[in-house]
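Heads up, the thing below is written out as structure tokens.
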Amino acid sequence: MTKPPDRAEKLSSSAGSVVFDADVLVLGGGPAGTWAAISAAEHGARVVLADKGFCGTSGATAAAGTGVWYVDPSPERREAAMASREKLGGHLQDRRWMVRVLDRTYVQSNQLAEWGYPYPVDDEGKPQRNSLQGPEYMRLMRKRTKQAGVTILDHSPALELLVDGNGVVAGATGLRRQKGDRWAVNAKAVVIATGGCAFLSKTLGSNVLTGDGYLLAAEAGAEFTSMEFSNAYAISPAFGSVTKTLFYGWASFTDEQGSVIPGASSKGGRSVIARALRQGPVYAQLDQADAETRRHMRMSQPNFFLPFDRTGIDPFTQRFAITLRLEGTVRGTGGLRIIDDNCATTVPGLYAAGDAATRELICGGFTGGGSHNAAWAMSSGYWAGQGAAEFARQLGTTSRRQSFRRGTVGLRSGNARPLQGGALARSVQDEVFPYELNYFREAGRLGGALRRLDALWSDASAAGAPDEQELLRAREAAAMLATARWMYRSALARQESRGMHRRDDYPEQDDRYLHFVTTGGLDDVWTSARPLGSKQYAEAAE
Amino acid sequence: MIEVIDAERCTACDICVNVCPTNVFDKTDGIPRIARQSDCQTCFLCELYCPEDALFVSPFADAPQAVDVAALKEATLLGSYRRAVGWVEESRHLRAADRSYRLFGH
């Protein structure tokens, strides 16, 4: 019999709060968080994983189907897989990281097969591992996380980080929203795997993704990068939530009168759709899919068809109104800046994985779909868990250390009017949803939006703490607001068009901007230019 | 958005209360209650996890819709997502039916 894994220790459970002692705390229970938790446990750590919702259904992957950047390890195939993305991403990628992620994703995917993930087998009998069904994948990941000895806290959103006297992260606290009390985890390292920020746009599975982890990391001093690559919009039926951009590759797009909209396309013509939507309704019909393709679609993504089957629409023979829903940094490439191969952030003891971390290293300024993000979640999750476990081991005993709460906005009680999360979230949406502000960017419009967002921040940071019922909404709205300000400040700094970032006033790619934009700060948002990793090495060699 | 917890089929197991990622349901002394419908993100996962096919998520993401439960049952729409992904015994083979590899690269 194998030795049961060491578990995190429950220290106390008094009225109003529960306290755990752990080596590693993982915030977020999607793909990146579960891989990180399993990896940390495998590397000897006692692990707690806290998810805002339910680990297994939370996040953009669980509700969807996702491609995975899984490429057979033949040199030609790997080379082609890397080369095909470099122009799209604006040549910001780092080959060394692409190689590492391809290698790691291959290992993790094969691990999933060993764990019993039901990968399909093609007509030649070869297993196909470049796609995952979200519900199936995340149900399995929850099971493996539990089997690894990880303590899972569901419906337990984190509110703030704890930091010791030397600025080293020491855990976090949060709410147990179904129990009406609080949790605290004293930990030697923390992994942020809370996903990106989709601004409550109802793009499939993404309403838990409000940038919460960014906010609490920023409060501890963490930096961000590539936040200008944050204006991905996905196609969905106008009334529905199911976004599946791949399938719209077989669509024709028409206007109110039924005329084909020239240049409109899911891939390479989505901006045309955005422009057309500003003039009036846009319709899609998947009329270019032959009978075999239609069958494959039904098998591959059953939930794509729920909105149609339940409203009596045949999407192959009838046209239906569509919209573009903002996916923000979930399908952007920006996030917490990582500074080493273990996905450490700039804050000691704090690690980042998945969409919460930057994906610039493998995607540059563009990620077309789940594929690269899914590969990144597996890989960065594995590394962040390993790095956090190693950090915790080296830290040794911490029983005497004092920790301090780093939370700010929404957490300070006072006499001021309490922060109104719902209203604030809508005000932020008004600045990030409109295509003319976010999809098509321009200095004057960005500047106007930033002035309004800065004023909202000023009000929010002076507001009082809301009651316990409203606290989570208030923190979510504050996180969305902070995210929007990092996005637009970075977008202003990049005076060119590159990757998904497009500026009406600078429509061309300009190689004076062949660098990363770092950003951070809460009351005062700053940006700075940072050379590409490959360039840094070249300069160091000179 | 979630529209229906069918009182006839629901066994008050509270799985939906647990698995909903946006905490839409509340436990009660009896069957769960849709307590925060406007927080529903229309991800269909509660429906997928309901072992009794007692839930129905309307595909309209932004506004509530009137739903005729008898008609849903008549059209066997309750549980249709579970059957389509192979999360019921008679369609288990569909769990490995993903044909995305035939669609990528289009």
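Below, chains carry the letters A, B, ... as their sequence lines are ordered, and counting in each starts from 1. We use all heavy atoms of the structure for the numbers below, so side chains are in, but hydrogens, waters and symmetry mates are not.
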Would you mind telling me which of A/D309, A/T311, A/L306 has the largest number of heavy-atom pairs within less than 4.5 Å of chain B?
A/L306
Sort A/A62 into side chain, backbone, both or neither according to what part of it lies under 4.5 angstrom from a heavy atom of chain B.
both
Sort by residue number and list every member of residues 40-49 of chain B having a non-hydrogen atom under 4.5 Å from chain A.
B/C40, B/Q41, B/T42, B/C43, B/F44, B/L45, B/E47, B/L48, B/Y49
Looking only at heavy atoms, what is the nearest atom pair of B/N23 and A/Q178, with distance?
OD1-NE2, 2.7 Å
Counting only heavy atoms not in A/Q469, do more than 12 fall under 6.0 Å of its CD?
no
Proximal to chain A - members of residues 68-81 of chain B, heavy-atom separation under 4.5 Å:
B/L77, B/S80, B/Y81
Per-residue contact mode, A/S236 against chain B (heavy atom under 4.5 angstrom):
neither
Structural part of A/H296 lying under 4.5 Å from a heavy atom of chain B
both
I need the minimum non-hydrogen distance between A/P120 and B/A96, along with the two atoms involved.
CB-O, 3.3 Å
If you count heavy-atom pairs under 4.5 Å with chain B, which of A/G249, A/S58, A/G240, A/G205 comes out on top?
A/G205
Apply side chain to side chain contact (heavy atoms under 4.5 Å, CB included) to residues B/L103 and A/M299 and explain how you reach the verdict.
CA-CA 11 Å; B/L103 300 170; A/M299 302 288 261; over 6 Å; no
What are the two closest heavy atoms between B/Y101 and A/N130, and how far apart are they?
CB-OD1, 3.7 Å
Given a strict heavy-atom distance threshold of 4.5 Å, which part of A/D122 is in contact with chain B: side chain, backbone, both, or neither?
both
B/M1 and A/K202: side chain to side chain contact (heavy atoms under 4.5 Å, CB included), yes or no, with the steps?
CA-CA 11 Å; B/M1 301 195 284; A/K202 292 201 172 169; 4.1 Å; yes
Please tabulate, for the side chains in residues 131-139 of chain A, all donor-acceptor contacts under 3.5 angstrom to protein atoms that are two or more places apart in sequence or on a different chain.
unit_1	atom_1	unit_2	atom_2	d
A/S131	OG	B/D98	OD2	2.6
A/S131	OG	B/S100	OG	3.2
A/Q133	NE2	A/S300	O	2.7
A/Q133	NE2	B/D98	OD2	3.0
A/E136	OE1	B/W87	NE1	2.8
A/E136	OE1	B/R95	NE	3.2
A/E136	OE2	B/R95	NE	2.8
A/E136	OE2	B/R95	NH2	2.5
A/Y137	OH	A/W35	NE1	2.9

Using non-hydrogen atoms and a 4.5 Å limit, figure out which bit of A/D154 sits close to chain B: side chain, backbone, both or neither.
neither
Assess the residue pair B/F60 and A/R310 against the criterion (side chain to side chain contact (heavy atoms under 4.5 Å, CB included)); give the C-alpha distance rounded to whole Å, side-chain angles, the decisive distance to 0.1 Å, and a yes or no.
CA-CA 10 Å; B/F60 292 87; A/R310 292 179 180 192; over 6 Å; no
Measuring heavy-atom distances to chain B, does A/F247 have an atom under 4.5 Å in its side chain, in its backbone, in both, or in neither?
side chain
Is a salt bridge present between B/D62 and A/R325, judged by a nitrogen-to-oxygen distance below 4.0 Å?
yes
With a 4.5 Å cut-off on side-chain heavy atoms, are B/R102 and A/D123 touching?
yes
At a heavy-atom distance under 4.5 Å, which candidate from B/C20, B/P59, B/A84 has the highest pair count against chain A?
B/P59
When you look at CZ of A/R77, are more than 12 heavy atoms from neighbouring residues, nucleotides or ligands closer to it than 6.0 Å?
no
Atom group of A/V242 that falls short of 4.5 Å from chain B, counting heavy atoms:
side chain
Selection from A/W250, A/F239, A/Y119, A/F54 maximising heavy-atom pairs under 4.5 Å formed with chain B
A/W250
Non-hydrogen contacts under 4.5 angstrom with chain A: give the residues of residues 9-18 of chain B involved, or none if there are none.
B/V17, B/N18
